[in-house]
2 protein chains.
Amino acid sequence: MSIIAANTALSQALHTALPQLMEHERMGEAEIRSRIDSGTLALLANPRHEGVTPTLIGQPARVKVNANIGTSPVSSDGAGELDKLRVAETAGADAVMDLSTAGDLDAIRLRMIKATALPLGTVPLYGLAQQCTDAGRDPAGWEASELLAEVAKQAEQGVDFMTLHCGLTRRGAELAQDGSREMGIVSRGGAILARWMRRTGQENPLLTHYDELLEICRVHNVVISLGDGLRPGAGSDAGDPAQWEEVLTLGVLARRAWAAGVQVMIEGPGHVPLHLVQAQIQGIKRATFGAPLYVLGPLVTDAAAGRDHLAGAIGGALAAQYGADFLCYLTPAEHLCLPDARDVHEGVLASRIAAQAAEASLGRPWAMERERTISSARNRLDWSAMAGTALDPCLVRQRSAGIEHGKECGMCGKFCAIRMVEPER
Amino acid sequence: MSIIAANTALSQALHTALPQLMEHERMGEAEIRSRIDSGTLALLANPRHEGVTPTLIGQPARVKVNANIGTSPVSSDGAGELDKLRVAETAGADAVMDLSTAGDLDAIRLRMIKATALPLGTVPLYGLAQQCTDAGRDPAGWEASELLAEVAKQAEQGVDFMTLHCGLTRRGAELAQDGSREMGIVSRGGAILARWMRRTGQENPLLTHYDELLEICRVHNVVISLGDGLRPGAGSDAGDPAQWEEVLTLGVLARRAWAAGVQVMIEGPGHVPLHLVQAQIQGIKRATFGAPLYVLGPLVTDAAAGRDHLAGAIGGALAAQYGADFLCYLTPAEHLCLPDARDVHEGVLASRIAAQAAEASLGRPWAMERERTISSARNRLDWSAMAGTALDPCLVRQRSAGIEHGKECGMCGKFCAIRMVEPER
């Protein structure tokens, strides 16, 4: 049975959304359906998320951008996160993840789901760990049954996609902690699971209970974002045995999900040196059978703290050029503190620039049109059209205020190169 | 005769600077000398620039970063530009160019040369065009003799490198204006020369008087930065016949310069789509016989106005990975207005991130050491060492203030992945 046929929630969401998806992605119905059925395209849309914008992730749909927001024990509150949600939407994010780890997580999550039409993702392990620490228990002191219940609850609440680190095996955790890595385990979810496995001596419950997870996700069309708990946290760790051990498992799990009528995405790195981005992206894509790939960066240097959105945009542009489908933003606050609203804005725009550069290099029509339109406006010194086509129109208007339309360049004034060679001047 | 032997000013500067150059670049004396003689390495150091830091540009020296500053008819003054000079130095620029086009240019230039130990570059055409417009003449209303006099004057003032668009031929200008380009000519110097050639009906005076220019530059060891007056101003123009016509001429002119004992660099694009950066860089490097390559960006999308430092960092990282030697920064103000001090800081840091990513990917020891040191500090939650190794220590200190050393992560607090998997916790 095909994924769509096996997944009633997906089938219904797709039926309703098809006209707008076909227009937005410039794809035909048959292609959308066959690609969803092959697993290479995933539709984010939990019917419980009222008013959600159904969003396709994967080839050959538009590259999408995700913004991570959420409270942390260090700072921020629920209201502040709603502000950031608004900023992410205005900046052009295609999806958001609520990664809250402090406060009343259910209340925060429900408010966000209600407040946004963007598909919303979570990492259910965070809620579980927080409940444990709040109750004075070990952050990995929960039972597998509690984890399944948390996933089911969030699915019913309307979460559209969930990061579940199902591919982190005991073998992978051992490989990541055998002393050969610079940074060990840097994924929060991965670290919680590694701690749980060490505490209990058992295999990852997300793996041993995978069939039950699949059934929950199928019923609500929750897209499983198969997490990379062993993603490299330093460039020198990229592509090591621990990372690949997990990727291989993710590929196997993707096929099991598809067979059960469940959509998945694969999460990717992480910290990756510039010259290894192509090998990483193409390697992961192949090993996971073309499943939509959702990357965090990648960061092409470890030394850009304070401007990791920029290091991530370099890696993100290359990653999308080589086949990544979904760019998780990094903000200037990455590695340092919780992002503020300004960081959220900068992070989304950095990823959108990366996506635009990649899509232009791939000749995608919407990207080529944007390139052509803004260059043509620039050539006419048409500042209003330039702003309207730029990725951040407000910023362009603000910084070009006062320039006379059609008369001059804001940088060079009378030495404008374009005017210099006009025959009539 | 070798370049060094033919160029007394260079020979003397090199002799004095050798110990520090060998240490900084981790190269032996013989390699430095042979590479300068082959033209693949250039030493910026005009003996008239008192206290200048002699700086090597080219393979296999460190990738360097240049910051463009300078007044414009639209805004800024000489004092403001000195502030920007300070900011560029603090941010870690390796060289600056004074691109002033308003005010008393000689006074501004002399103040800058005196104020900085960084090699200073100029575009002598700007001063000439400004003198003409100030006198009510056409900006291309000067004589060839005035241009040579301007170059000689600036060489005597201590300018270390000059952009001279010697390779812009009438044929090239025609190709760029035959209607096949989106953006025509976008280089200010190129546009002034194209206007001059159209006005006079004569060939580019920088080309017809090239031997005289070489003699001026040899005497003062001014490195000629062979300008790309026909660089693509839109991604769709990259690699067109006009651009290559000029590149081929630049290669011929590089060899003529070397034969005359004069050092050169080649200026490169510009706007280049992501998938063409490698072909551009490797193609230009080959066609110009391995001369040091000085790139502006390249910008991998035309649509990032307001954040072109970011689009330029994506292209710059790739360019440096494929052989570019000298990255001219782009600031967030590019295409919109004159950069302010904050823009200068952001521009330099963006280019330094690009250079670090490229050098790490190439395995350059200084870059690998930085990557290792900061990741090791991150793994120990050693915030002081992280800041000390980051490319922008002040920013890291500012945004990580209040985090307890060795205790926690500033983003995740008690959910720090690193602490989560510590056995003792």
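The chains referred to below are lettered A, B, ... by the order of the sequence lines, with proteins before strands, and numbering in each begins at 1.
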Original post:
Salt bridge between B:D237 and B:R231, side-chain N to carboxylate O under 4.0 Å?
Top reply: no
Under 4.5 Å from a heavy atom of chain A, the part of [X] involved:
| X | answer |
| --- | --- |
| B:L362 | neither |
| B:A173 | neither |
| B:R352 | neither |
| B:Q321 | side chain |

**OP:** Among the options B:T373, B:L276, B:L99, B:I192, pick out the one with the most heavy-atom pairs lying under 4.5 Å from chain A.
**Re:** B:I192
Subject >> Heavy-atom pairs under 4.5 Å with chain A, option from B:A317, B:S400, B:P273 with the top count >> reply: B:A317
Original post:
Is it the case that B:S236 and A:E371 place a side-chain donor and acceptor less than 3.5 Å from each other?
Top reply: no
Subject >> Residue pair B:S376 / B:R372, side-chain donor-acceptor N/O under 3.5 Å >> reply: no
Original post:
If you draw a 6.0 Å radius around CZ in A:R342, do more than 12 non-hydrogen atoms from other residues or ligands fall strictly inside?
Top reply: no
**OP:** State which residues pass salt bridge (charged side-chain N to carboxylate O under 4.0 Å, His left out) with A:E359; sequence neighbours excluded, sorted by chain then number.
**Re:** none
Looking only at heavy atoms, which two atoms of [X] and [Y] are closest? And how far apart?
| X | Y | result |
| --- | --- | --- |
| A:A319 | A:P298 | CB-CD, 3.8 Å |
| A:Y329 | A:P339 | OH-CG, 4.5 Å |
| A:P139 | A:R195 | CG-NE, 3.9 Å |
| B:A238 | B:H271 | CB-O, 3.4 Å |

Do you know which of [options] has the most heavy-atom pairs under 4.5 Å to chain B?
| options | answer |
| --- | --- |
| A:E334, A:M386, A:M368, A:R370 | A:E334 |
| A:G235, A:A194, A:S187, A:A333 | A:A333 |
| A:A234, A:G402, A:C337, A:A390 | A:C337 |
| A:L391, A:L395, A:V300, A:I353 | A:I353 |
| A:G306, A:A357, A:A304, A:A311 | A:A357 |
| A:I374, A:I418, A:L336, A:T389 | A:L336 |

Examine whether an atom of [X] lies under 4.5 Å from a heavy atom of chain B, and if so say whether it belongs to the side chain, the backbone or both; otherwise answer neither.
| X | result |
| --- | --- |
| A:I314 | both |
| A:H335 | both |
| A:I403 | side chain |
| A:P332 | both |
| A:Q177 | side chain |

Original post:
Do the non-hydrogen side-chain atoms of B:Q130 and A:F415 ever get within less than 4.5 Å of each other?
Top reply: yes
Original post:
Do any pairs count as a salt bridge (charged side-chain N to carboxylate O under 4.0 Å, His left out) and have a residue in residues 301-317 of chain B, sequence neighbours left out, and if so which ones?
Top reply: A:E346-B:R307, A:D392-B:R307
